[in-house]
2 protein chains.
Amino acid sequence: MFSLTIEYAMRAMVALAAGDGQSMTTRQIAETMMVPQSYLSKVLQSLVRARLVHSTRGLKGGFVLARGPEDLNMMEILNAVSPYKRIETCPLDLDEHSSDLCPLHRRLDQAMGMVQEAFEGTTLAEILSEDNPCPTLQTQLAKLKPMESD
Amino acid sequence: MFSLTIEYAMRAMVALAAGDGQSMTTRQIAETMMVPQSYLSKVLQSLVRARLVHSTRGLKGGFVLARGPEDLNMMEILNAVSPYKRIETCPLDLDEHSSDLCPLHRRLDQAMGMVQEAFEGTTLAEILSEDNPCPTLQTQLAKLKPMESD
DNA sequence: ACATAAATAGATATCTTTATCCAGTTTAAT
DNA sequence: ATTAAACTGGATAAAGATATCTATTTATGT
């Protein structure tokens with residue numbers, strides 16, 4: 001249901017959020033989240049254009065979240081890479097004046113509405129706060145902040 | 001979020017359900033629901049293969065629902081044309097043994113679950129029973145059953 | 001200044017989805 | 001039997017999504 005591009009964007013944002021403010025390169029994100037690196041660079045540029053992450057070029061450059069993880073939700077990430085188009089008018093309805101959707105498209109749009117609400121209500125911070133059995137992320141994070149809390 | 005193919009499949013099934021048991025040709029369905037006819041024929045074959053509709057060839061042939069509209073839900077239609085793959089295991093998790101999803105994919109799959117439940121709980125009969133402001137459908141139906149209730 | 005690391009932009013390749021067309025087959029009506 | 005209507009299956013084309021590569025620009029450290 002969700003495109004690979006959306007998957008990759010979400011993974012990248014989770015990686016950045018987990019990095020705790022540290023800048024990460026495309027390569028680091030790609031390896032952490034097992035995303036094809038060359039394609040990830042395109043996805044990251046979408047996230048930059050949507051102003052969800054900041055990029056810095058050159059040596060020691062990389063990407064960081066533009067806001068705190070508690071202020072970034074899944075819907076924003078999805079929208080950054082593939083704008084979510086709710087069904088506003090029945091596609092069968094020729095004149096655009098009908099305010100209501102037909103029953104079929106009302107149902108389809110309701111489903112989209114549920115997803116939207118769920119995603120808008122879920123921040124990166126919440127995702128990070130839950131138990132995270134994702135092994136590659138943990139491994140990589142251990143490298144990123146080698147001796148943080150000691 | 002839902003592919004055009006899914007859209008077309010849903011529209012076709014609604015058209016057939018509205019036809020009240022009468023057989024409809026590809027052309028009739030296509031015109032009623034404004035779907036490209038040649039592509040619709042492929043979609044209909046998926047619905048036939050999934051046994052949601054029956055087809056009869058030859059003159060006076062066409063398509064009819066395989067079951068009553070109260071026994072056909074949106075999820076079956078979706079599955080007929082593009083199998084719904086819930087997220088069973090975290091795609092980042094190398095060994096397949098982890099029973100739980102990581103928080104990100106738990107959220108993604110929960111969204112898919114909500115859609116699935118909504119669609120499973122919605123039959124064609126329900127869709128038909130609601131007010132239907134979809135003008136093309138009504139126009140076409142008037143032709144199909146010209147003097148039904150008089 | 002120079003070399004290096006890294007994002008950016010553009011061109012290109014591959015695969016999937018969407019769409020069209022045509023030849024073949026089946027059936028009803030004449 | 002012949003004809004016309006209609007589904008079926010295969011080939012093909014066009015568009016979009018996914019992926020890769022290369023050259024360019026920017027920044028850092030020496």
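Please read all numbers here as calculations on a predicted model, not as lab measurements. Only this structure's heavy atoms are used, side chains among them; waters, hydrogens and symmetry mates stay out.
- Taking the nucleotide of DNA chain C with the nearest heavy atom to each of A:Ser41 and B:Thr5, the more 5' of the two is matched to A:Ser41.
- Checked against D:dG29, D:dT18, C:dA19, the side chain of B:Tyr39 finds its nearest nucleotide in C:dA19.
- Inspection of the A:Ser3 and A:Tyr8 side chains reveals no N or O donor paired with an N or O acceptor under 3.5 Å.
- The two residues B:Tyr84 and B:Val115 come nearest to each other via the heavy atoms OH-CB, 3.5 Å.
- Note on A:Met1: it clusters hydrophobically with B:Met75, by side-chain heavy-atom contacts below 4.5 Å among ILVMFWY residues.
- Between the P atom of C:dT4 and the CZ atom of A:Arg27 lies a distance of 17 Å, rounded to the nearest Å.
- Residue contacts for A:Thr25: at a heavy-atom cut-off of 4.0 Å it reaches the sugar-phosphate backbone alone, with no base atom in range.
- Side-chain atoms of A:Arg57 and base atoms of D:dT25 include a donor and an acceptor less than 3.5 Å apart.
- We find that CD of B:Gln22 is positioned 14 Å from P of D:dA6, with the value rounded to whole Å.
- Paired with B:Leu72 under the rule side chain to side chain contact (heavy atoms under 4.5 Å, CB included), one option of B:Thr122, B:Val53, B:Leu52 passes, and it is B:Leu52.
- In this model, the phosphate group of C:dT18 is not approached by any side-chain N or O of B:Tyr8 to a distance below 4.0 Å at OP1 or OP2.
- In this structure, CD of A:Gln37 is placed 10 Å from C1' of C:dA6, rounded to the nearest angstrom.
- Each of D:dC7, C:dA29, D:dG9 was ranked by its minimum atom distance to the side chain of B:Arg49; first place goes to D:dG9.
- Nearest to the side-chain atoms of B:Ser55 among the listed nucleotides C:dA19, C:dT27, D:dT8 stands D:dT8.
- As rounded to whole Å, 7 Å separates atom C1' of C:dT27 from atom CG of B:Leu59.
- With rounding to whole Å, B:Met24 atom CE is found 11 Å from D:dC7 atom P.
- Taking only side-chain nitrogens and oxygens, B:Ser38 never comes nearer than 4.0 Å to OP1 or OP2 of C:dC21.
- Across the interface with DNA chain D, nearest-nucleotide mapping of A:Ser3 and A:Lys60 shows A:Ser3 to be the residue nearer the 5′ end.
- Taking atom CD of B:Gln45 as the reference point, atom C1' of D:dG10 lies 11 Å away to the nearest angstrom.
- Taking the side chain as every heavy atom from C-beta outward, A:Phe119 and A:Glu76 never approach each other to under 4.5 Å.
- A:Lys42 has its NZ atom 13 Å from the C1' atom of C:dA13, to the nearest Å.
- B:Leu40 has its CG atom 14 Å from the P atom of D:dA6, to the nearest Å.
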